[in-house]
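Working notes, structure below.
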Amino acid sequence: MKADFVVDQVRGDTGKGRVVNYLLNRDRYTHCVKAGAGVNCGHTIYHKGKKIVTHGIPSGIAYGIKSIIAPECFLHVRKFFEEVEYLEKNGIPADKLIKISSSVHIITDDHIAEEAGESVIGTTRTGNGPCARDKALRVGLRAENVPEFKPYLIDFHDEIFDEVNGENILLFEGAQGYHLDLGAATYPYVTSSRPTLAGALLNGVPHIAIRNVVGVCKAYDTYVGAMKFQGDDPILDEIGKLGFEFGATTGRKRAVNFLNIAELTRAMQVTAPKKLFVNKMDILQQVDTWKVRLGIDQILDLKTEDTFKAFLAEKFPNVEIIYSYSPEHI
Ligand code: IMP
Ligand code: MG
């Protein structure tokens with residue numbers, strides 16, 4: 001078995017869906033796998049010219065390959081069926097392609113109700129934290145306990161290790177990002193799952209199966225939640241507007257700041273991708289502003305696109321950096 005991992009290097013919303021699209025069109029894969037998280041994430045894809053947003057289901061479903069919700073994911077039963085119906089209506093044979101690992105934990109309506117009020121950390125209110133808590137307390141409900149899920153259930157281990165009909169090549173689609181990991185420095189402004197590369201391996205993937213790690217970030221940073229994040233420069237508001245920085249799950253406005261090089265470096269050191277996609281370069285081109293942050297508040301003005309690229313190339317000399325300017329480019 002071989003596995004490629006798409007890992008967001010920041011805080012989600014970097015355009016992983018586009019990268020998954022690019023990889024599925026270029027390489028042969030047998031499965032697309034949602035590596036972790038609940039229905040808090042939103043994967044935006046363009047299928048036959050139409051914008052499609054999935055939450056609990058991996059975006060790779062649109063490319064006609066078997067798609068799996070891995071053991072580390074959380075799923076809400078009604079929302080799952082609504083998503084399948086929505087995809088079917090949009091011409092994607094989701095019912096046939098989607099499989100659920102039997103040990104996926106179930107987000108209940110009670111979990112969602114618990115998060116209904118104002119959240120101190122600004123969650124997506126999709127019941128993710130309470131579901132993760134119940135999993136850790138060992139009182140959670142799993143997919144195998146849900147009768148309606150029976151036709152979709154698989155044992156993830158058996159599925160990926162069954163290679164009688166040829167080698168499995170898995171594409172893992174990460175959710176959120178490295179700096180939203182439960183263990184990240186900005187705790188408690190994090191999610192309750194593990195969106196790092198290690199989190200993807202927790203599904204039961206042997207380390208020797210790792211073929212490629214593909215990193216994804218944007219030319220600037222965004223974040224949704226209660227932590228102070230928006231930078232002072234008024235151009236950042238403009239970037240947010242041009243980049244249409246609103247949450248795919250909650251519609252909330254995302255806070256915007258310049259790319260934090262210290263954070264990106266940390267994520268790159270740990271996840272060690274061979275390729276890094278830098279999305280939304282077109283937005284910085286439109287405002288012609290090429291600034292990065294060296295730490296929380298120290299801004300470096302690189303002045304031109306070429307210097308911006310040269311700076312990243314020098315920071316990450318062993319990484320192939322792929323710049324993307326619009327969906328058509330990747
Ligand atoms: P939760 O995952 O709903 O508990 O939210 C915890 C934090 O993670 C909040 O700041 C959310 O906005 C953020 N978050 C969760 N999922 C995503 C995502 O897919 N993209 C961006 N931020 C996310
Ligand atoms: Mg997203």
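Whatever order the structure lists ligands and atoms in, that order sets their numbers, starting from 1. All figures in this text were calculated on a predicted structure; none of them were measured in a lab.
Using a 4.0 Å heavy-atom cutoff, Ala175 is absent from the residues neighbouring ligand 1. Remark: distances from the non-hydrogen atoms of Val190 to ligand 1 include one below 4.0 Å.
Short contacts between ligand 1 and Asp13, defined as distances under 4.0 Å to a heavy atom of the residue, involve ligand atoms 20 (N), 21 (C). For ligand 1, the atoms sitting less than 4.0 Å from at least one non-hydrogen atom of Arg11 are 21 (C), 22 (N), numbered in the order shown with element in parentheses. For ligand 1 and Gly225, the ligand atoms under 4.0 Å from any heavy atom of the residue are 10 (O). Those atoms of ligand 1 with a heavy atom of Thr124 less than 4.0 angstrom away are 1 (P), 3 (O), 5 (O), 11 (C), 15 (C). Using a 4.0 Å cut-off to heavy atoms of Asn128, the atoms of ligand 1 that qualify are 2 (O).
Aromatic ring orientation, Phe5 versus Phe172: parallel (interplanar angle below 30°, classes split at 30° and 60°). Ring planes of Tyr152 and Phe149: perpendicular class, angle over 60° (limits at 30 and 60°).
Within 6.0 Å of CG in Asn165 there are 12 or fewer heavy atoms belonging to other residues, nucleotides or ligands.
Note: no N/O pair closer than 3.5 Å links Ser192 and ligand 1 by distance alone. For ligand 1, the polar-atom distance check finds no N/O of Leu180 at less than 3.5 Å from any of the ligand's N/O atoms. For ligand 1, none of its N or O atoms has an N or O atom of Thr123 under 3.5 Å away. In terms of polar-atom proximity, Thr191 is counted as a contact of ligand 1, with an N or O under 3.5 Å from an N or O of the ligand.
Side-chain atoms of Ile69 and Pro58, non-hydrogen and from C-beta on, do get closer than 4.5 Å to each other.
Looking at Arg252 against ligand 1, only its side chain comes within 4.0 Å, counting heavy atoms.
Criterion: ILVMFWY side-chain heavy atoms under 4.5 Å apart, direct or through other members. Under it, Met1 and Leu24 are not part of a common hydrophobic cluster.
Applying the salt bridge (Lys or Arg N to Asp or Glu O under 4.0 Å) rule to Asp4 yields the partners Arg211; only residues at least two apart in sequence or on another chain are considered.
Thr271 and Gln9 are linked by a side-chain donor-acceptor pair at a separation below 3.5 angstrom, with hydrogens and angles left out of the test. Side chains of Asn128 and His111: a donor-acceptor N/O pair is absent below 3.5 angstrom, by distance only.
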